[in-house]
Protein chains: 2
Amino acid sequence: MTTSRVFSDIISVMNKKVTINDIAKMANVAKSTVSRYLNGGSVSAQTRLKIERIVQEQRYTPNTFAQSLKQQTNHTIGVIVPRLDSIAQSDMLRGLDECNQEDTFLIVNAYQDPKRELAAIEKLQSQNVGGIILLTANLTDEIRAALTASPLPIVIQGQDEPDFHRVIMADQHGGETVGAYVKTLHPKNVLLLNVNAEIDHAVGHDRFMGIKAALAQTPYTEVMTDFKLDTAKHDAKKAMAADQYDLVIGATDRIAVGAMQSGYALHQKPQYIGFGQSFFSETVTPNLTSFEFSFFEAGKQLYRLFVKVRDESPQTIQRVVIDGQLVIRDSTGPQH
Amino acid sequence: MTTSRVFSDIISVMNKKVTINDIAKMANVAKSTVSRYLNGGSVSAQTRLKIERIVQEQRYTPNTFAQSLKQQTNHTIGVIVPRLDSIAQSDMLRGLDECNQEDTFLIVNAYQDPKRELAAIEKLQSQNVGGIILLTANLTDEIRAALTASPLPIVIQGQDEPDFHRVIMADQHGGETVGAYVKTLHPKNVLLLNVNAEIDHAVGHDRFMGIKAALAQTPYTEVMTDFKLDTAKHDAKKAMAADQYDLVIGATDRIAVGAMQSGYALHQKPQYIGFGQSFFSETVTPNLTSFEFSFFEAGKQLYRLFVKVRDESPQTIQRVVIDGQLVIRDSTGPQH
DNA sequence: TTGTAGGCGTTATCAT
DNA sequence: ATGATAACGCCTACAA
């Protein structure tokens, strides 16, 4: 009777997932012993071997739900990204992956929509993630409040928000570097294609500070556009039709490429400079000069910072800055 | 004593997560009553109101781990993608999102590496996801075996694998359409930049069948390259330096763009055709003629198919084909 | 309609 | 070193 009961248990296991209890029965030990074995507790060499064999045979893996339930925390990190169709973002995710030891990422696309971003934060919390990494171009007050209210470890990227642990790109330094380079080009009339600082302060404001300072002695026009290729193309065309420019600086590579398209259509050949790190720069003709940030590195730092925040709960706000470098290509080359 | 115990419980809750038990105490009912309320069981209007108020006040959300543990299944779907820096993939993910009612996606990047793909499958299983959606360019025998062995609902996309529920793109039809169009261009000498069918059968084989058939009367050269821009550029340059072509067909937009770069460098101006749906086509100059698949639609169908497989366990293998359309742009335009 | 009790798989405490 | 037992939060017979 007892034997057949155990036997049927073992049989019935075949199609379900084998549990710590099954292992215990098969090894004729208590489940707590198995648990200790699994977690590096003290077990005699003899039983260790016995259990080890069975665990391997049965391909046992612990039930993560039970673990999380018990431990009151888990190793799933919610990652909210503003968009997925962007090299910058996917490089950053690759960086997260790269450093990751044991966490799994729950990636949520916010589609550049603050409402969705907020919804994502709430949904992630209701799903009991162990923490949140938020990549963002813009923090609304609602989102700030939600982040502040959350008991979870949270790290953000993209904006230099003083209240949150964060990793940011050296936008200001990038602008200064580009500014210095621009001076060596001696442009006569410059078109700046920027985005509103309300939408993305790091880009719209920080990135352009140094550029504008460098253009103190040079005539320039600033036109506000947005991150979309079509919009940039349209806005650039309007501006370039109205006046003649010999240098166009886009807030992002994408915007610069939009301008290139317009320049091509208008048979104009100004020089172009972009920002970011995309294959854009090398797929367009001429290849685009660009200030490139290492988003991959940013991702790595982001993960490290998150782990630090989660495991050490630092009392002071952490801030990590990722630098970049100017890569000069044909679009500011001699033939222009 | 009892009062203060309850009181301290309520206080202590402030920083933790409120549970069904807390709600029950506050409402002076049993936790099973609260559970019934939450799951639409029978509760008197009176207690329903009482509980409702408290649940809302406390912003109670159930602990998903406890739920999953109890229910032995959960609403997390593992999605394995070959890469993230691709419009095709992110459009597909957007399609998944679009249809999604209540599932959450655990997105795993396999970085186009079969080993990682296999590892991802195993890891997802050990994390007890409720199913797997596999976007893939290539199924190894090991992966086939892992999929077959899995008890989970699984749907794949990308390859026309007869043993698995799948959503595929109409690569063959796309090739035929392009073939028919190519005939109208009356090219003298065509360069086909393809990828090895071993790496991606749907692309390397299916996609080019129709094209080659259409070129029966036309001289053409087939060069094998890979999906990377740099490789394509390199291989195209070699081929285009060795012979003169008036039409170049790339297995993907990216490959076609690589060829464009080489053509530009060599001062050649053939016509170009690509495959896929990317902003490539509209960022390069000239804009690229391309056979475009709706990956967004594919994502939607993929989710629907998955849900069907999960909820209805169909006995016959399901197969969904997503069509595309030829979009003619400047790269095959009159000025060439 | 409501409450009691048991169990999902795991870990931790406490005896033995 | 080992095993019995309770607990994590939830759901669900079953009883009242």
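In what follows, every chain begins at residue 1, and chains take the letters A, B, ... in the order their sequences are listed.
At a cut-off of 3.5 Å, with distance as the only test, no side-chain donor of B:Gln157 or B:Thr136 sits close to an acceptor on the other residue.
To the nearest 0.5 Å, atom CG of residue B:Asn109 and atom CZ of residue A:Phe105 are 12.0 Å apart.
Within the structure, the salt bridge (charged side-chain N to carboxylate O under 4.0 Å, His left out) test picks out the following pairs touching residues 79-89 of chain A (sequence neighbours left out): A:Arg83-A:Asp85. A salt bridge (charged side-chain N to carboxylate O under 4.0 Å, His left out) check over residues 301-316 of chain B, counting only residues at least two apart or in different chains, returns the pairs B:Asp103-B:Arg310.
Boundaries of the chain B contact region on DNA chain D are D:dG9 to D:dT12, first to last in 5' to 3' order (nucleotide atom under 4.0 Å from a heavy atom).
When all heavy atoms of B:Leu305 and B:Val320 are compared, the pair lying nearest together is CD2-CG2, 4.3 Å. Closest non-hydrogen pair, A:Thr64 versus B:Ser126, comes out as CG2-O, 3.7 Å. Contact detail for B:Asn138 and B:Gln159: the closest heavy-atom pair is N-CG, 4.0 Å.
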- line: Protein-proximity profile, nucleotides 3-13 of chain C, B/S/- by nucleotide at the 4.0 Å heavy-atom cutoff, equals BB-BBBBBBB-

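One finds no salt bridge joining A:Asp22 and A:Lys25 here, because no Lys/Arg side-chain nitrogen approaches an Asp/Glu carboxylate oxygen to under 4.0 Å.
Residue contacts for A:Ser42: at a heavy-atom cut-off of 4.0 Å it reaches a base atom on one of the strands shown. In this structure, A:Thr47 reaches the sugar-phosphate backbone alone: every heavy-atom distance under 4.0 Å involves primed, P, OP1 or OP2 atoms, never a base.
You'll find the side chain of B:Leu139 reaches within 4.5 Å of the side chain of B:Leu147, heavy atoms only.
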Show me the side-chain donor-acceptor pairs of residues 295-302 of chain B shorter than 3.5 Å, one per line, residues at least two apart or across chains.
from: B:Glu297; atom 1: OE2; to: B:Gln301; atom 2: NE2; distance (Å): 2.9

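Within the helix from C:dT1-D:dA16 to C:dT16-D:dA1, the inter-axis angle between the opening and closing five-pair segments is 50°, rounded to 10°.
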